[in-house]
Number of protein chains: 2
Amino acid sequence: MSDRVVPPAARRRRRPTKQGVVLSEELIVETAMRLLGEHGAEALSVRRLGRALGADPSALYRYFRDTDELLLAIADELIGRTLRTWRPSGDWRADLRDLGLRMHAGALAQPQAAVLSSYRVTGRAYEIQAVETALGVLRGAGFPDAEAVRIYHAFVDQALAFGALDSANTALPKAAREAEAAVWRATYARLPADTHPHIHATARHLVVDMRHSSYPTALDLFLSAAAARLAQLTAVGDAHPV
Amino acid sequence: MSDRVVPPAARRRRRPTKQGVVLSEELIVETAMRLLGEHGAEALSVRRLGRALGADPSALYRYFRDTDELLLAIADELIGRTLRTWRPSGDWRADLRDLGLRMHAGALAQPQAAVLSSYRVTGRAYEIQAVETALGVLRGAGFPDAEAVRIYHAFVDQALAFGALDSANTALPKAAREAEAAVWRATYARLPADTHPHIHATARHLVVDMRHSSYPTALDLFLSAAAARLAQLTAVGDAHPV
DNA sequence: CACCTTATGACAACACCGTTGACCTGTTAA
DNA sequence: TTAACAGGTCAACGGTGTTGTCATAAGGTG
């Protein structure tokens with residue numbers, strides 16, 4: 001059955017479920033995100049979602065072709081929330097920095113959804129808007145098209161990848177997370193100087209540093225390198241004007 | 001039943017299965033990796049693995065507490081393989097570049113194991129060895145301890161994060177992956193100039209660039225920035241010698 | 001050699017999962 | 001007023017991870 005899903009625009013009959021709930025794409029996505037936030041990634045199944053909504057699980061297939069399409073809708077909503085409050089200042093470096101930090105924070109706000117969706121291309125409205133915006137910042141800064149795309153790609157993947165990595169860690173069961181923190185104190189900090197000189201010498205820093213996300217550091221290094229590259233390109237451009 | 005798994009050292013009775021196979025932790029991990037390599041991510045289930053081994057699925061629970069523990073065993077083997085062939089040249093930048101690319105390639109070689117293990121700290125032998133090695137490269141290059149740790153953290157997280165991101169994409173069902181490729185051609189490449197000027201102007205580059213991993217770009221930017229930072233630190237160090 | 005213990009494999013069952021074809025019914029447009 | 005049909009429901013299929021129970025061959029002991 002491939003024509004089960006009716007495009008949102010064409011929906012007109014809002015028939016309530018047995019339990020009196022009127023379904024909609026928005027309500028389903030909202031409920032899914034609530035489930036994720038409350039009970040973790042494994043709580044998101046078609047059946048559970050149906051139960052949470054007060055509808056038969058199969059009713060969801062009138063709104064999403066399959067679970068993957070639902071996941072993409074969740075991802076896009078996440079992007080939308082991140083983008084909604086962002087305002088460009090005109091300084092490309094500050095703008096990208098702000099955007100990156102917002103994406104990262106947005107991922108951490110919904111770790112389970114971020115883990116499941118960070119590596120997907122949705123092709124949906126918010127995502128398109130985000131691409132357009134970020135590309136605009138880079139082209140406005142003076143990056144030539146090919147370079148703007150390269151830098152954009154690395155920038156957005158870096159934000160998504162770190163967001164997912166840190167989200168996955170956040171979403172870990174409490175016991176596992178504490179066990180990992182203990183490893184740095186109990187294992188690494190106690191390695192002797194003769195077998196592990198470098199770890200031994202820096203143990204103090206490792207214990208402190210490894211607790212936090214390294215994304216801010218990675219982001220700043222990224223922006224520095226991008227700025228250097230822009231300066232280089234501009235210099236060449238000036239030497240050989242079109 | 002929590003004491004189902006007998007520690008490998010205590011195993012003595014090697015009773016063959018009905019089909020004449022003698023099980024072992026190594027054989028199971030090997031077979032799992034072969035299965036993954038041959039038939040993709042979705043081919044790895046306890047039942048399939050049992051079938052491939054010529055044993056009842058439940059027999060695997062004598063060797064691994066659950067599928068997660070099996071996956072960590074696979075991941076550990078993966079780390080070992082990645083590190084085993086790496087040799088430092090003495091040029092810190094080339095060495096880090098090589099290490100990063102190897103980690104990334106290693107992740108892509110076993111995508112689903114990478115996805116599930118990238119955000120974990122194991123504290124096991126291979127991991128410790130990797131930390132010691134990478135820290136040694138950075139300190140050898142002249143980074144002061146605190147800075148070496150900062151850079152190390154960002155470097156390793158970046159490699160892991162991109163490895164996981166690209167792995168997750170690789171591990172996608174074929175249909176979903178093709179759908180994503182199509183989104184760039186069918187959706188993004190066709191946006192009109194008046195509503196989405198930046199995407200429209202760079203569509204040609206986007207279609208080509210978004211197909212590949214952006215890790216090499218991100219890695220090179222990272223190394224450039226780190227080199228610049230080192231030069232800066234060294235200059236300060238020379239100006240104010242201890 | 002025979003006996004006993006027990007590690008380990010096999011079996012069957014459980015509770016889930018995503019998905020779909022067939023059916024039924026309330027909403028809506030004509 | 002009514003007929004069409006969108007959309008909710010039901011039941012089923014074939015998969016999944018996991019576990020309680022049982023059978024038996026391996027290996028130590030005498």
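Residue numbers start from 1 in every chain, and the chains themselves are labelled A, B, ... in the order their sequence lines are given, proteins ahead of strands.
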Exercise. When the C1' atoms of the five terminal pairs at each end define the local axes, what inter-axis angle does the helix from C:dC1-D:dG30 to C:dA30-D:dT1 show, to 10 degrees?
Worked result: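 Here the helix ends are tilted 10° relative to one another.
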
Got a sec, which pairs hit salt bridge (charged side-chain N to carboxylate O under 4.0 Å, His left out) with one end in [range], sequence neighbours left out?
range: residues 116-131 of chain A; value: A:Glu25-A:Arg124, A:Asp68-A:Arg120, A:Arg120-B:Glu180
range: residues 190-218 of chain B; value: none
range: residues 161-172 of chain B; value: none
range: residues 77-86 of chain B; value: B:Glu77-B:Arg81

Problem set entry | Nucleic acid contacts - residues 36-44 of chain A versus DNA chain C, non-hydrogen atoms under 4.0 Å |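 Correct list: empty, so none.
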
Exercise. Under the salt bridge (charged side-chain N to carboxylate O under 4.0 Å, His left out) test, which residues partner B:Arg48, sequence neighbours left out?
Worked result: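 Applying salt bridge (charged side-chain N to carboxylate O under 4.0 Å, His left out) to B:Arg48 gives none.
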
Problem set entry | Sequence-distant partners of A:Glu42, salt bridge (charged side-chain N to carboxylate O under 4.0 Å, His left out), two or more places apart |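 A:Glu42 satisfies salt bridge (charged side-chain N to carboxylate O under 4.0 Å, His left out) with no other residue.
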
Exercise. Does B:Phe64 have any ring-ring contact (aromatic ring centres under 6.0 Å, His included) partners at least two apart in sequence or in another chain, and if so, which?
Worked result: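 B:Phe64 satisfies ring-ring contact (aromatic ring centres under 6.0 Å, His included) with no other residue.
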
Short side-chain N/O contact to [N] OP1/OP2 from [X], under 4.0 Å:
X: B:Tyr63; N: C:dG9; value: yes
X: A:Lys18; N: D:dC10; value: yes
X: B:Ser45; N: D:dT16; value: yes

Exercise. Is the shortest distance from a Lys or Arg side-chain nitrogen in B:Arg34 or B:Glu30 to a carboxylate oxygen in the other one below 4.0 Å?
Worked result: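 The answer is no: the pair does not qualify as a salt bridge.
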
For this session: Measure from the side-chain N and O atoms of B:Thr202 to the backbone N and O of B:His205, and report whether any donor-acceptor pair falls under 3.5 Å.
Result: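 Side chain of B:Thr202 to backbone of B:His205: no pair is present.
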
Please give, in whole Å, the distance from [N] [atom2] to [X] [atom1]?
X: A:Arg51; N: C:dG18; atom1: CZ; atom2: C1'; answer: 14 Å
X: A:Glu69; N: C:dT19; atom1: CD; atom2: P; answer: 11 Å
X: B:Leu60; N: C:dC11; atom1: CG; atom2: P; answer: 14 Å
X: B:Arg65; N: C:dT8; atom1: CZ; atom2: P; answer: 15 Å
X: B:Arg62; N: D:dT18; atom1: CZ; atom2: P; answer: 15 Å
X: A:Leu70; N: C:dC17; atom1: CG; atom2: C1'; answer: 15 Å
X: A:Leu116; N: C:dG18; atom1: CG; atom2: P; answer: 12 Å
X: B:Asp56; N: D:dT16; atom1: CG; atom2: P; answer: 13 Å

Exercise. For B:Thr217, what residues pass the side-chain contact (heavy atoms from CB on, under 4.5 Å) criterion, not counting sequence neighbours?
Worked result: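 Partners of B:Thr217 by the side-chain contact (heavy atoms from CB on, under 4.5 Å) criterion, ordered by chain and then number, come out as A:Arg150, A:Ala154, B:Leu221.
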
Listed nucleotide nearest any side-chain atom of [X], set [options]:
X: A:Tyr61; options: D:dG7, C:dT19, D:dA26; result: C:dT19
X: A:Ser58; options: D:dT21, D:dT16, D:dC10; result: D:dC10
X: B:Ala55; options: D:dT16, C:dA10, C:dG9; result: C:dA10

Exercise. Starting at the 5' end of DNA chain C, which residue's closest nucleotide do you reach first, A:Arg48 or B:Thr17?
Worked result: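 The answer here is B:Thr17.
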
Exercise. Looking at C:dG26, does its base get a donor-acceptor pair with the side chain of A:Arg15 below 3.5 Å?
Worked result: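 Such a pair does not exist between side chain and base.
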
For this session: Scan for ring pair (Phe, Tyr, Trp, His ring centres under 6.0 Å) pairs involving residues 98-119 of chain A, sequence neighbours excluded, and state none if there are none.
Result: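 Found A:His104-A:Tyr215.
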
Could you go over nucleotides 13-15 of chain C and give all protein N or O partners under 3.5 Å, atom names and distances?
none

Exercise. Between B:Thr85 and B:Arg102, is any side-chain donor less than 3.5 angstrom from a side-chain acceptor?
Worked result: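 Yes, B:Arg102 and B:Thr85 have a side-chain donor paired with an acceptor closer than 3.5 Å.
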
